[in-house]
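Structure first, then comments.
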Amino acid sequence: MNACPRQDILDLFVIGGGINGTGIANDAAGRGLRVALSEQRDLASATSSASSKLIHGGLRYLEHREFRLVREALHEREVLLRKAPHIVWPLRFILPHQPHLRPAWMIRAGLFLYDHLSQRDNLPASRSLRFGADSPLQPSIKRGFEYSDCWVDDARLVILNAMQAREKGADIQVGSRCIGAKAEDGIWHITLEDVTTGKRQIRHARALVNAAGPWVENVVREGVQRDSRYGVRMIQGSHIVVPRLNGDERAYILQNRDRRIVFVLPYQQDYSLIGTTDVRYQGDPAQVSASRQEVDYLLEVVNQHFTHPLTHQDVIATFSGVRPLCDDESADPSAMTRDYTLDLDARDAPLLSVFGGKITTYRKLAEAALEQLSPYFQDIGEAWTAGAVLPGGDIDSREAFAMRLVRDYPFLGEARARRFASSYGSLCLRFLHGMTHEAQLGDTFGAGLTQAEVDYLVRDEWARSTDDILWRRTKLGLRLDAAQQERLTTYLERHRREHAA
C-alpha cells in the first residue's frame, strides 16, 4: 500500500455518528488531535434518536447492584444540566406503589440511595405521595413516590457534539460509509464510500474508533477483519406516542408484573411518550420497527395504572431502536448491563471498539476512550468537556431565553419562541439575526417551520432529508400533515439541485 504524506494522516478516525462517536470525536478534537468522523446515514439516525429521551441515573439498575454505573450517571446528570440547559431540563417522576410487586420499604431505600449516591446541585429530593380524587391513576392506587431525573432532546445532543467537534477542527462526514479499513506500518487506511454518489476516498489515521453502535461487531469482523473479544446482544426498545394522559409536566414510571418498568413521559406539549420494551432483536438494525405485541404490552401496562383506557386507535406514532448491549450472557434482557465496555486492540495500529453504553454517560465514555488512546499520541490535551457548554447552551435558562426571543423578535410568537429556546438555545440567533418581521423568514411549511430555519439546518447541521429535519432536528414530524411534508421534500430537492449546479 502506498505511503501517504505525513500531513494527510489524521490522529483519530471515528466510525459512527451516534452519541458515542460524536462524543469521542468532540473530546478528541478539543484535546488538539486531528479528527474525522464518518456516518453512513444521518447523525443520530439509529439508536441515539430512539431512546426514552432521559438523562437519568437508572433507578432500576440499583436492583441489579450496578452502583458504579448509577453513581456515574447521577453525576453526569448534573454535568449535562450545566452543559446544555437548552436541551436538558429537570423532570419529576411519579412512581405509583404496587405493594404486590415491590414493598414500600424497598422503594424508599432505593430512592434514598438514588438521592445520595452522588451530589445533587439542582434537583430536589424524593418524597412520598398520597393520591386523591384528581389523580389520573386507578382509584385502587392510593400512594406512591416522587423523585427527580432529567429530559433530553437525544438527537440534538448528538448534533451539538458534532457541531462542537467541528468548531474544534474535526471533519464530520455525513452520508459516508466505511467499507473497510486496513492497518499497515502503524497507520490505518480507511476506505469510505459516499452513499449518494458511490464515490470512494481513502483516509489515513493513527488510531481508529469503532463506535458503530448495533454494527460494532460487524465493523470488527468484516470491516477490519479482526476477531472481536466481545459480542453484542441487540435489544429492541419500542415506544408509542398517544394523546396527553396527564395535565401537568410530571412523568410516570410504572411497575409491571414482569418486574420491568414503563415510562409515561410528557412529550411536545400535547402528547405522552410511552416506553420502552426489552425484546431480543435479530436482523438489520436499520429495519427495526415496533411490533403489534410490543404495542399491546405498552398499552396493557398503562391501562393497568391509568383510568383513561388506551386502545390501538390512540397510538399516533411509534418508534423503535436497537440497543447494542455488551453480551454478558444474561438470560433476561432487562437485567443485561447498560454499562459500556471499551475494547482496545493495539496490533499494527490501535483500534478501540465501543460496546454498550447509555446516552447519560456518553461524556464519561468519551473520556475513558481518550484515556486508553492517549499513550499513542504526543502532546494530547487534558480532559475538558465537563466544564464546556455545548453550542447554544450559553443561556441563563430556556424560559428566560424564550422571553428574550419574544421581546426581540415579537413576530415569532410565544409557542415558536419556546420551541427555539428548547431546541437551539442561542443557535437560533444565527438565522434570526437582523430580522424584524415574519416575511423575512421565507416560505412556511407548517407548525412554525420556515425557510430560514430549514436553510440553517441544511447549512450548519448536516440536514439533508425531510426526516432529518422533522424527526431529529426539530421534532415537528407529528405536526406536519402529508401535504406539508411533501412540500418540504420538494423544497429540499430543489435546494440540493441549485447548490449542486
Side-chain angles (χ1 to χ4, degrees), residues 8-48 157-183 187-195 201-220 223-224 226 324 340-346 349-357 359 361-374 376-377 380-381 383-385 462:
D8 291 337
I9 301 176
L10 298 161
D11 293 309
L12 195 66
F13 191 92
V14 180
I15 301 171
I19 188 59
N20 292 332
T22 56
I24 291 170
N26 188 21
D27 194 339
R31 295 180 192 231
L33 300 185
R34 294 187 63 203
V35 179
L37 176 148
S38 71
E39 163 54 45
Q40 62 181 343
R41 296 192 296 168
D42 182 31
L43 297 170
S45 59
T47 305
S48 295
L157 185 64
V158 176
I159 301 298
L160 297 181
N161 272 275
M163 292 179 74
Q164 193 165 57
R166 181 177 59 192
E167 291 172 1
K168 301 289 185 181
D171 179 15
I172 309 295
Q173 297 184 240
V174 174
S176 177
R177 180 188 297 117
C178 174
I179 60 174
K182 183 176 178 60
I187 299 296
W188 283 103
H189 302 257
I190 305 132
T191 303
L192 305 175
E193 182 179 76
D194 187 295
V195 297
Q201 63 170 318
I202 295 179
R203 304 296 300 268
H204 306 91
R206 293 182 173 83
L208 182 64
V209 169
N210 171 16
W215 295 272
V216 60
E217 199 172 358
N218 290 354
V219 170
V220 175
V224 302
R226 291 186 178 183
Y340 52 82
T341 299
L342 302 177
D343 180 29
L344 180 61
D345 182 345
L351 166 68
L352 184 74
S353 295
V354 180
F355 294 84
I359 197 166
T361 53
Y362 86 89
R363 194 195 64 81
K364 291 296 289 185
L365 182 153
E367 285 189 343
L370 268 297
E371 183 177 345
Q372 290 205 24
L373 290 170
S374 60
Y376 301 96
F377 303 112
I380 184 172
W384 62 280
T385 57
W462 299 278

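As the structure is a prediction and not an experimental result, all values here were calculated from the model.
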For the residue pair [X] and [Y], establish whether any side-chain heavy-atom pair is separated by less than 4.5 Å.
X    : Y    : answer
T47  : P214 : yes
I9   : I187 : yes
V158 : L160 : no
L344 : Y376 : yes
K182 : V224 : no
L10  : V35  : no
P350 : L208 : no

Would you check if the side chain of [X] reaches a backbone N or O of [Y] as a donor-acceptor pair within less than 3.5 Å?
X    : Y    : value
T22  : G18  : yes
T341 : F355 : no
Q173 : S38  : no
N210 : L352 : no

Residue pair [X] / [Y]: nearest heavy atoms and the distance that separates them:
X    : Y    : result
A165 : I172 : CB-CD1, 4.3 Å
I359 : S48  : CD1-O, 4.3 Å
V216 : S353 : CG2-CB, 4.1 Å
A349 : R226 : O-NH2, 3.5 Å
L37  : F13  : C-CZ, 4.4 Å
V14  : A211 : CG1-CB, 4.5 Å

Evaluation steps, side-chain contact (heavy atoms from CB on, under 4.5 Å), between H204 and I202: CA-CA 7 Å; H204 306 91; I202 295 179; 3.6 Å; yes
Output, in order, the C-alpha distance, side-chain angles, deciding distance and verdict of side-chain contact (heavy atoms from CB on, under 4.5 Å) for W462 and E39. CA-CA 11 Å; W462 299 278; E39 163 54 45; over 6 Å; no
Between [atom1] of [X] and [atom2] of [Y], what distance do you get to the nearest 0.5 Å?
X    : Y    : atom1 : atom2 : answer
I190 : Q201 : CD1   : CD    : 10.0 Å
S176 : L192 : OG    : CG    : 4.0 Å
N26  : R166 : CG    : CZ    : 11.5 Å
D345 : L351 : CG    : CG    : 5.5 Å
T191 : R177 : OG1   : CZ    : 13.0 Å
I15  : Q40  : CD1   : CD    : 10.0 Å

When you compare the side chains of Y362 and N161, does any donor N or O come within less than 3.5 Å of an acceptor on the partner? yes
Working for side-chain contact (heavy atoms from CB on, under 4.5 Å), residues I24 and L12: CA-CA 10 Å; I24 291 170; L12 195 66; 4.2 Å; yes
Under the salt bridge (Lys or Arg N to Asp or Glu O under 4.0 Å) test against D11, which residue among R31, R34, R206 passes? R206
With side-chain contact (heavy atoms from CB on, under 4.5 Å) as the criterion, how do I19 and L365 come out once you've worked through the C-alpha distance, each side chain's angles and the decisive distance to 0.1 Å? CA-CA 10 Å; I19 188 59; L365 182 153; over 6 Å; no
So for atom CD, which belongs to E167, do other residues, nucleotides or ligands contribute more than 12 heavy atoms lying within a distance under 6.0 Å? yes
When you measure from the centre of the six-membered ring of W188, is the NZ or CZ of R203 under 6.0 Å away and within 45° of the axis? no
